[in-house]
Amino acid sequence: MDLYVPIIVLGVLAFLFAAGSVAMASVTGPKRWNRARLDAYECGIEPTPQPVGGGRFPIKYYLTAMLFIVFDIEIIFLYPWAVAFDHLGIFGLVEMVLFILTVLVAYAYIWRRGGLEWD
């Protein structure tokens, strides 16, 4: 249990910092509400009008989100492999090369199909 104490303390400190930042922002922040402040913010440009029932998202949005998840999961698998690399030996190296090649094949397929172009 002693090994988990620093992780628990770090989690508690992170939560207290996040909660304290939100609380201080609400206490010290300006309270002037106007129409511009209540509008959606779209990178400094005028927001595009939305239909009353909500608009439909283009399929490219979901494809980009799935690509992010796939490559994020790849990074999650790379970290434990890097930590245990000395113990895995050549078997671990071969397995990781096969894993990365599989992901690169998927990446090349998506690239050829135009999944990375945002039009």
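One is the number of the first residue; the rest follow in order along the sequence. Fair warning: this is a prediction, and the values are worked out from it, not measured in the lab. Atom set for the values below is all heavy atoms of this structure, side chains included, hydrogens, waters and symmetry mates excluded.
Hydrophobic clustering of Ile, Leu, Val, Met, Phe, Trp and Tyr side chains at less than 4.5 Å, counting indirect connections, keeps F85 apart from V83. Hydrophobic clustering of Ile, Leu, Val, Met, Phe, Trp and Tyr side chains at less than 4.5 Å, counting indirect connections, keeps V70 apart from Y62. I75 and L67 fall within a single hydrophobic cluster, where Ile, Leu, Val, Met, Phe, Trp and Tyr are joined by side-chain heavy atoms under 4.5 Å apart, directly or via other members. Cluster annotation: V103 is connected to L101 through the hydrophobic network of ILVMFWY side chains, with a link wherever side-chain heavy atoms come within less than 4.5 Å. Under the 4.5 Å side-chain contact rule for hydrophobic residues, I100 and Y79 do not share a cluster.
Annotation: the span from E74 atom CD to T102 atom OG1 amounts to 10.0 Å, rounded to 0.5 Å. How far CG of L98 is from CG of L93: 9.5 Å, rounded to the nearest 0.5 Å. For the atom pair CG (L78) and CD1 (I73), the distance works out to 12.0 Å, reported to the nearest 0.5 Å. One finds the CZ atom of F91 at 10.5 Å from the CE atom of M96 (value rounded to the nearest 0.5 Å). Of the inter-residue distances, the one linking M1 atom CE with I8 atom CD1 reads 4.5 Å to the nearest 0.5 angstrom. Note that CD of E95 and CG of L88 are 9.5 Å apart. Values are rounded to the nearest 0.5 Å.
Residue pairs meeting the ring pair (Phe, Tyr, Trp, His ring centres under 6.0 Å) criterion with at least one member in residues 93-116, sequence neighbours excluded, are F71-Y107, F77-F99, Y107-W111.
When all heavy atoms of S26 and A23 are compared, the closest pair comes out as OG-O, 2.8 Å.
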